[in-house]
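Only this structure's heavy atoms are used, side chains among them; waters, hydrogens and symmetry mates stay out. Counting from 1, the numbers follow the sequence of the chain as shown.
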Amino acid sequence: MIEILNPALLARAKDTGALVADILQSLKERSTIGTNLLDIDRWTKAMIAEAGALSCYVDYAPSFGRGPFGHYICTAVNDAVLHGRPHDYTLADGDLLTLDLAVSKRGVAADAAISFVVGDARPTESVAMIETTERALAAGIAAAGPGARIGDISHAIGTVLGQAGYQINTEFGGHGIGSTMHQDPHVANTGRPGRGYKLRPGLLLALEPWIMADTAELVTDADGWTLRSATGCRTAHSEHTIAITEDGAEILTLPKSSRP
């Protein structure tokens with residue numbers, strides 16, 4: 001299903017997007033050396049409840065996961081890249097942590113992800129990977145607007161990732177979003193320009209470039225959810241929910257410091 005939001009629902013989407021961004025920013029500030037991933041999950045649960053919102057994850061049970069996810073946020077560390085299920089792990093200096101959060105409020109969902117290095121260490125490769133996903137995300141957003149096509153977004157993202165030397169996995173990518181978290185159209189992280197669904201004002205998309213340092217192959221963890229790099233290399237992932245408007249793409253999941 002491809003859903004086009006009316007102005008009233010778009011206003012709700014903006015509120016939900018701001019909530020997701022604010023929760024992620026708070027979690028980033030609190031995720032320090034010694035923080036347990038289960039603490040991050042508990043903090044997320046409390047902030048969602050305080051906002052009168054609903055988790056998109058806790059009861060989520062798609063075909064690619066093993067039963068309901070059972071947690072409120074995805075926490076992926078180092079070689080984990082997608083669907084990281086929180087578990088009893090304490091963060092160390094230099095860990096590369098990705099937080100991926102989707103929330104629904106007043107019937108509209110928003111989805112975003114951030115990657116960052118924990119503590120004072122700044123591993124060169126990790127920083128470069130994070131910056132590459134952020135640049136790819138910005139390129140995809142710049143390519144989105146009325147009259148553009150999904151392939152234009154995919155091509156823009158893939159060009160940045162490929163030029164940086166990373167292999168691109170197309171099993172998982174961006175997606176439509178609205179009254180539910182995952183909708184059509186699928187937005188692959190590489191593609192051909194001028195192809196695919198033609199963008200219309202009112203369409204919401206979650207764009208999410210992600211990479212692994214030296215492979216495009218994923219393996220599934222024993223928890224049935226967490227996807228890791230097949231070689232054990234580090235990974236990074238950046239995501240925003242955007243709304244297609246008459247003037248281009250509006251980012252709904254910007255942190256407070258970056259909002260107009």
Side-chain angles (χ1 to χ4, degrees), residues 20-21 24-25 27-28 31 74-84 91 93-102 111-145 148 150-175 186-193 205-219 226-242 248-249 251-255 257-258:
V20 168
L24 285 175
Q25 191 60 38
L27 293 172
K28 180 179 180 180
S31 297
C74 296
T75 56
V77 182
N78 296 334
D79 66 320
V81 64
L82 298 173
H83 315 152
L91 294 171
D93 191 27
D95 276 346
L96 198 166
L97 174 63
T98 297
L99 301 177
D100 189 350
L101 176 66
D111 191 359
I114 55 174
S115 288
F116 56 95
V117 178
V118 175
D120 297 323
R122 287 293 176 269
T124 301
E125 181 184 62
S126 297
V127 172
M129 292 178 68
I130 294 168
E131 291 176 347
T132 298
T133 61
E134 292 173 344
R135 287 191 291 108
L137 179 56
I141 294 168
I150 292 296
D152 298 325
I153 299 173
S154 297
H155 178 72
I157 291 171
T159 296
V160 173
L161 301 181
Q163 288 179 347
Y166 296 102
Q167 301 176 56
I168 303 171
N169 178 293
T170 56
E171 294 174 76
F172 297 92
H175 50 89
H186 173 69
V187 188
N189 284 328
T190 188
R192 296 176 64 184
L205 296 172
L207 307 183
E208 47 181 317
W210 58 274
I211 51 177
M212 300 177 283
D214 61 16
T215 185
E217 185 180 352
L218 293 166
V219 293
T226 304
L227 296 176
R228 299 183 182 274
S229 62
T231 61
C233 67
R234 286 198 166 195
T235 69
H237 176 196
S238 296
E239 179 180 14
H240 272 311
T241 294
I242 64 171
I251 304 173
L252 305 186
T253 47
L254 283 174
S257 59
S258 301

Sidechain-backbone polar pair: D93 side chain, D120 backbone, donor-acceptor under 3.5 Å: yes

Minimum heavy-atom distance S31-V118, with the two atoms named: O-CG1, 4.1 Å

Any M129 side-chain heavy atom under 4.5 Å of T133 side chain: no

Side-chain donor or acceptor of N78 paired with backbone N/O of D95 under 3.5 Å: no

Nearest-0.5 Å distance, CG of residue L24 to OG1 of residue T253: 8.5 Å

Minimum-distance pair of heavy atoms, taken over all atoms of A213 and E125: CB-OE2, 3.7 Å

Test side-chain contact (heavy atoms from CB on, under 4.5 Å) applied to L205 and I150, step by step: CA-CA 10 Å; L205 296 172; I150 292 296; 4.1 Å; yes

D111 side, atom CG; E239 side, atom CD - distance, nearest 0.5 Å: 3.5 Å

Intermediate values then yes/no, side-chain contact (heavy atoms from CB on, under 4.5 Å), E208 and H237: CA-CA 7 Å; E208 47 181 317; H237 176 196; 2.9 Å; yes

Heavy-atom side-chain proximity of V81 to F172 below 4.5 angstrom: no

Smallest separation among heavy atoms of T132 and A164, with atom names: CG2-CB, 3.8 Å

Separation of I157 CD1 from S238 OG (nearest 0.5 Å): 10.5 Å

Heavy-atom check, side chain of R122 versus side chain of V117, under 4.5 Å: yes

Residues forming a side chain to side chain contact (heavy atoms under 4.5 Å, CB included) with A156, sequence neighbours excluded: A139, A143

Nearest-0.5 Å distance, CZ of residue R228 to CG of residue L218: 11.5 Å

Spacing of R135 atom CZ and L161 atom CG [to the nearest 0.5 Å]: 8.5 Å

Closest heavy-atom pair and its distance - G158, I168: O-CD1, 3.7 Å

F116 and L97: CA distance, side-chain angles, deciding distance, side-chain contact (heavy atoms from CB on, under 4.5 Å) verdict: CA-CA 6 Å; F116 56 95; L97 174 63; 3.6 Å; yes

Close side-chain approach of D152 to P193, heavy-atom, < 4.5 Å: yes

Side-chain heavy-atom pair T226, H83 within 4.5 angstrom cut-off: no

T190 side chain reached by T170 side chain, heavy atoms, under 4.5 Å: yes

Atom pair CG (L101) and OG1 (T75), whose distance is rounded to the nearest 0.5 Å: 11.5 Å

Pairwise side-chain contact, I242 with L207, heavy-atom cut-off 4.5 Å (strictly under): yes

Any donor-acceptor N/O pair, S154 side chain to A188 backbone, under 3.5 Å: yes

Distance-minimising heavy-atom pair for R234 and G94: NH1-O, 2.8 Å

Exercise: identify the closest heavy-atom pair between I153 and A144: CD1-CB, 3.7 Å

With sequence neighbours excluded, residues passing side chain to side chain donor-acceptor pair (under 3.5 Å) with T98: S115

Side chains of T235 and L227 in contact at under 4.5 Å (non-hydrogen atoms): no

